[in-house]
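This report refers to the structure that appears directly beneath it.
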Amino acid sequence: MNYYILLGPPGAGKGTQAGLIVEKYGYLHISTGDLLRNEIAKGTELGKAASEIINRGDLVSDEIVIGMIRNRIESGKGAKGFLFDGFPRTIAQAEALDRMLADFGGEVSAAISINLDDRMIFERIRHRAMIEDRKDDTDPVTIGHRISNYHEKTEPLISYYRRQGKLRDIQGDDSIDNVFKSISAIIQ
C-alpha cells in the first residue's frame, strides 16, 4: 500500500495538488480538517469529543486526530493508496503515524515537501484570500503568524523524513502543472 504525505507551508498549493493526485491515482485523500468535520457531523464518539474541544476554543489532541485517521484508513481498505494532507503537523504525530502504519503492515512511501520562500507564501495567501473571500488571510499579522507557526511546528518534519530517506523536495514556485509533473515523477 502507498502512503504519501504532502508537506509545505500555507499557500504552497497542497490542496490543489492533492486534488490532482486523487484524480490521477485514485488515492484516498485524508485531510484532518475534513475528518474532523465528518466525525462531528456523523456524531461519532470521536466527533463528540472533538466538538466539545473545538467549542471551548482548544486544539484537538493528537490522540483524537490519530484515532480519526486510524478509522479512515481502516474504512478505506479498498483504496489504491492514501494521501495525507495537513497531517502530520508535528514530530509526535509523525511518530504516531509511523506506529499506526506499521500496525497495518505499511510505512510512509514518501513525504513530498512543496517548498516556497516566505515572501511567496505571503503573496499566495493574500491572493487566495481575495479570490476565496477569506477575511482571516488578509491581515499581514495573521499571515505572518501562520508562516512562523509553520516554521516552528511543522517544518521540523522535513528533517524527520530526510533522516528516514523519505523526503522528496519539490520547488513550489513553478506552475501548477509543472509542480504536479514533479510530484507524479515521485509517485510513479
Side-chain angles (χ1 to χ4, degrees), residues 4-21 29-41 46-47 49-69 72 83-98 108 111-163 166-176 179-180 182-183:
Y4 288 96
I5 298 170
L6 275 182
L7 298 173
K14 295 181 301 293
T16 299
Q17 294 301 325
L20 295 170
I21 292 166
H29 180 213
I30 298 180
S31 161
T32 52
D34 292 347
L35 285 177
L36 279 169
R37 287 183 289 278
N38 188 39
E39 293 286 332
I40 291 168
L46 281 171
S51 181
E52 267 183 45
I53 293 165
I54 291 168
N55 289 338
R56 286 195 312 258
D58 294 328
L59 293 174
V60 177
S61 71
D62 286 354
E63 182 181 340
I64 291 174
V65 171
I66 291 162
M68 288 188 300
I69 288 176
R72 189 64 184 113
L83 177 66
F84 299 98
D85 172 14
F87 182 85
R89 289 193 187 267
T90 64
I91 298 295
Q93 288 181 354
E95 291 168 344
L97 178 62
D98 287 345
V108 171
I112 302 166
S113 179
I114 304 173
N115 302 312
L116 282 177
D117 65 38
D118 286 358
R119 180 189 51 77
M120 181 68 78
I121 297 168
F122 193 89
E123 290 174 18
R124 283 196 179 176
I125 291 173
R126 287 190 64 156
H127 180 72
R128 180 177 69 189
M130 290 184 293
I131 292 173
E132 298 178 8
D133 196 29
R134 289 183 170 188
K135 302 288 187 223
D136 59 325
D137 281 346
T138 59
D139 178 30
V141 173
T142 301
I143 296 170
H145 179 70
R146 290 184 66 203
I147 292 169
S148 64
N149 198 21
Y150 168 77
H151 288 308
E152 179 185 329
K153 295 181 179 169
T154 306
E155 201 169 65
L157 291 171
I158 291 170
S159 296
Y160 179 82
Y161 287 112
R162 183 173 281 126
R163 282 191 304 274
K166 295 180 180 177
L167 184 72
R168 304 296 181 269
D169 285 300
I170 300 289
Q171 209 38 49
D173 59 357
D174 208 340
S175 71
I176 291 170
V179 170
F180 184 62
S182 297
I183 291 172

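Residue numbers start at 1 and run along the sequence shown.
Within the model, atoms CG of Asp169 and CD1 of Ile158 stand 7.0 Å from one another, a figure rounded to the nearest 0.5 Å. Taken from CG in Asn149 to CZ in Arg89, the straight-line distance is 8.5 Å, to the nearest 0.5 Å. One distance of note links CD1 of Ile125 with CE of Met120; it measures 12.5 Å at 0.5 Å rounding. In this structure, CD1 in Ile170 is found 12.0 Å from CG in Leu116, a value given to the nearest 0.5 Å. Atoms OH and CD, from Tyr150 and Glu152 in turn, are 13.0 Å apart once rounded to the nearest 0.5 Å. Here His29 contributes atom NE2 and Tyr4 contributes atom OH; the two are 15.5 Å apart, rounded to the nearest 0.5 Å.
With sequence neighbours excluded, the residues that form a salt bridge (Lys or Arg N to Asp or Glu O under 4.0 Å) with Lys166 are Glu107. When the side chain to side chain donor-acceptor pair (under 3.5 Å) test is applied to Asp174, the partners found at least two apart in sequence or on another chain are Asn178. Considering only residues two or more places apart in sequence or on other chains, Ala49 meets the side chain to side chain contact (heavy atoms under 4.5 Å, CB included) condition with Ile64. Remark: Asn38 pairs with Lys42 by the side chain to side chain contact (heavy atoms under 4.5 Å, CB included) rule, at least two apart or across chains. Shown here are the side chain to side chain contact (heavy atoms under 4.5 Å, CB included) partners of Asp118, two or more places apart in sequence or in another chain: Ile121, Ile147, His151. With sequence neighbours left out, the salt bridge (Lys or Arg N to Asp or Glu O under 4.0 Å) criterion links Glu155 to no other residue. Here Glu39 pairs with Thr44 under the side chain to side chain donor-acceptor pair (under 3.5 Å) rule; sequence neighbours left out. Arg119 is linked by a salt bridge (Lys or Arg N to Asp or Glu O under 4.0 Å) to Asp117, Glu123, counting only residues two or more places apart in sequence or in another chain. When the side chain to side chain donor-acceptor pair (under 3.5 Å) test is applied to Arg72, the partners found at least two apart in sequence or on another chain are Ser75. Residues forming a side chain to side chain donor-acceptor pair (under 3.5 Å) with Ser51 (at least two apart in sequence, or on another chain): Asn55. Not counting sequence neighbours, the partners of Asp34 by the salt bridge (Lys or Arg N to Asp or Glu O under 4.0 Å) test are Arg37. Legend: residues meeting side chain to side chain contact (heavy atoms under 4.5 Å, CB included) with Ile91, ordered by chain and number and at least two apart, are Glu95, Pro156, Leu157, Tyr160.
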Inset, instruction - Please step through side chain to side chain contact (heavy atoms under 4.5 Å, CB included) for the pair Met68 and Thr32, ending with a clear verdict. - result: CA-CA 8 Å; Met68 288 188 300; Thr32 52; over 6 Å; no
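Two residues are said to be in side-chain contact when any heavy atoms from C-beta on lie closer than 4.5 Å; Phe84 and Ile69 meet this criterion. Ile183 is listed as a side-chain neighbour of Ile21, based on a closest heavy-atom distance under 4.5 Å. Taking the side chain as every heavy atom from C-beta outward, Leu97 and Ile5 approach each other to under 4.5 Å. At least one side-chain heavy atom of Ile143 sits under 4.5 Å from a side-chain heavy atom of Arg126. Looking only at side-chain heavy atoms (C-beta outward), Ser113 and Tyr161 stay at 4.5 Å or farther from each other. Residues Ile66 and Phe87 meet the side-chain proximity criterion, which asks for heavy atoms closer than 4.5 Å.
A donor-acceptor contact closer than 3.5 angstrom is absent between the side chains of Gln171 and Asn115.
Looking at every heavy atom in both residues, Ala94 comes nearest to Pro88 through N-CB, 3.5 Å. The shortest heavy-atom contact between Pro9 and Ile114 is CD-O, 3.3 Å. In plain terms, the two heavy atoms of Leu7 and Ala111 that are nearest each other are CD1-CB, 4.0 Å. The two residues Gly47 and Ile40 have their closest heavy-atom pair at O-CG1, 3.4 Å. Here the closest non-hydrogen pair linking Ala18 and Asp85 is CB-OD2, 4.1 Å.
Remark: the backbone N or O of Gly13 is not paired with any side-chain donor or acceptor of Gln17 at under 3.5 angstrom. Lys14 places a side-chain N or O within 3.5 Å of a backbone atom of Gly8 that can act as its donor or acceptor partner. Using modelled atom types, no side-chain atom of Arg146 and backbone atom of Pro10 make a donor-acceptor pair closer than 3.5 Å.
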